[in-house]
Amino acid sequence: MKKVFCLILALMIMAIMTGCAKEPEEEPAVSPGSVVVGFSQLGAESSWRIANTASMVSAAESYGFALMMENANQKQELQIKSIRSFIASRVDVIVFSPIVETGWDNVLREAKQAGIPVILMDRMIETTDDSLYTAYVGADFYAEGRKAGEYLIKKANALGADHLNIVEISGTIDSTPMRDRQRGFMDVISGDTRFTVIDSISGDFLRSKGEECMTDLLARYGADGIDVIYSHNDSMTLGALDVMEQAGVKPGQDIIVISVDGEKEAVQALKDGRVNCIVQCTPALGGSVMSLIRGLVVNQRTIPRVTHPVEAVFSDFDDLTDPSVEGF
Ligand code: GZL
């Protein structure tokens, strides 16, 4: 018996020494710069975008990937130019945040012919050929819009409101967040006769245009004609708050303010009672993108087609002193 025990023990030691035992799956080390990522960022239009860019830069660094980043300053033609230059440079993978959903098939076909995989980050494209991109990493904007609508119903119930006029300050026309935040919101509220959307104008996700939109809306309807503002991002919301307060309106009290993103200044406005609800949209997508790139390019694995981050809603129904209520 003793001999058998010694034999089993010897075999176990041999197995461990020769690696036959099941080792935890180690990721192969990536030699710094051996993977080159071509990244076309759409602009620097908001705090969200700036935080998103920072997330991509720091994640690439932590993974040891070389990041070729080009900023398109809100111009689709510059994004297309950048993608072509990445193809010419034979990068290992292309990542981009499409400023609008249409007009990408030709340049993405060129990437496909060059054998370079494409990952969409933050926004989607409209295409008849789903093989033109490998994966999407970003928010579920339709869900974000629904959350905004669900908050408004809860608020209207709490106020016992019998009718509310809504104005929408939308994001960049034909961008995924603009389309789906609007669609999700409308799908939730449109069956409820208490709500009327009296206007929708685009502020292009810019604070300055948020100011212009609010000025126009107050001129058209007066503060008494507007009960709710649904703004597609905090930058435009913050511009609108300034205009309302200059006009003697108390946002968050005289007018219900619903926003999206969750940047620090907007979360503070929520805590100060100037905003009623913020639907969170995280800019911290870099880690997910680089992890997928490691799987796809380094480990030659199949990667998930869609990756959505987990996102919360902060509102005046919450305990806003909770440390989890914080902005980026
Ligand atoms: C959302 C992102 C949007 C943000 C805006 O993922 O595309 O663009 O909501 C940003 O702040 O400009």
Side-chain angles (χ1 to χ4, degrees), residues 39-56 59 71-76 78-79 95-102 104 119-126 135-148 168-185 200 202-213 229-241 257-267 269-270 275 277-289 306-314 327-328:
F39 171 41
S40 166
Q41 180 58 291
L42 67 84
E45 74 283 1
S46 61
S47 302
W48 189 99
R49 187 64 53 197
I50 290 162
N52 175 248
T53 298
S55 167
M56 286 289 285
N71 194 304
N73 295 317
Q74 310 291 116
K75 291 180 178 59
Q76 180 176 24
L78 293 185
Q79 285 201 281
V95 180
F96 78 113
S97 178
I99 184 164
V100 292
E101 292 197 337
T102 53
W104 303 102
I119 293 178
L120 304 179
M121 188 269 301
D122 171 38
R123 299 189 180 177
M124 277 301 283
I125 62 170
E126 215 178 81
Y136 166 76
V137 178
D140 178 346
F141 300 112
Y142 179 73
E144 290 176 351
R146 291 191 64 87
K147 289 173 187 174
E168 180 186 56
I169 302 178
S170 73
T172 304
I173 301 287
D174 290 340
S175 68
T176 315
M178 178 266 164
R179 284 179 168 178
D180 288 354
R181 284 172 183 166
Q182 183 176 76
R183 192 166 58 89
F185 182 75
S200 177
S202 174
D204 209 13
F205 288 130
L206 295 166
R207 183 166 186 156
S208 57
K209 290 207 174 168
E211 291 175 14
E212 291 169 21
C213 290
I229 293 166
Y230 172 42
S231 168
H232 288 185
N233 89 326
D234 292 342
S235 295
M236 299 187 298
T237 301
L238 292 165
L241 295 185
V257 179
I258 302 170
S259 189
V260 189
D261 274 354
E263 66 174 89
K264 277 195 188 332
E265 192 180 345
V267 172
L270 172 69
V275 170
C277 173
I278 296 179
V279 177
Q280 194 185 41
C281 178
T282 179
L285 302 174
S288 298
V289 170
V306 175
T307 303
H308 288 318
V310 175
E311 297 177 330
V313 179
F314 304 137
F328 55 78

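We count ligands from 1, going down the list as the structure has it; atoms in each ligand are counted the same way. None of these values were measured; they are calculated from a predicted model. For the single chain, residues carry numbers from 1 onward in sequence order.
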**Message:** With a heavy-atom distance limit of 4.0 Å, tell me whether R181 approaches ligand 1 through its side chain, its backbone, both, or neither.
**Reply:** side chain
**Item:** Identity of the nearest option to atom 8 (O) of ligand 1, non-hydrogen atoms only, from E144, R207, R123
**Value:** R123
**Request:** May I ask you to list the atoms of ligand 1 that are less than 4.0 angstrom from any heavy atom of F141?
**Result:** 1 (C), 6 (O)
**Asked** Any idea which protein heavy atom is nearest atom 2 (C) of ligand 1, and the distance to it?
**Response** D122 OD1, 3.4 Å
**Request:** Please identify which atoms of ligand 1 are closer than 4.0 Å to at least one heavy atom of S46.
**Result:** 5 (C), 10 (C), 11 (O), 12 (O)
**Request:** Consider only side-chain N and O atoms of S46 and S235, and report whether a donor and an acceptor are under 3.5 Å apart.
**Result:** no
**Asked** Under 3.5 Å, is there a donor-acceptor pair between the R49 and S97 side chains?
**Response** yes
**I278 side, atom CD1; F314 side, atom CZ - distance, nearest 0.5 Å** = 8.0 Å
**Complete:** Near P177 (heavy-atom distance under 4.0 Å), the atoms of ligand 1 are 7 (O)
**Request:** Determine whether any heavy atom of A139 lies closer than 4.0 Å to an atom of ligand 1.
**Result:** no
**Request:** Say whether T282 and E311, considering side chains only, have a donor N or O and an acceptor N or O under 3.5 Å apart.
**Result:** no
**Request:** Give the intermediate values and the outcome of salt bridge (charged side-chain N to carboxylate O under 4.0 Å, His left out) for residues R123 and E101.
**Result:** CA-CA 8 Å; R123 299 189 180 177; E101 292 197 337; over 6 Å; no
**Request:** Could you tell me whether ligand 1 has any atom less than 4.0 Å away from a heavy atom of V260?
**Result:** no
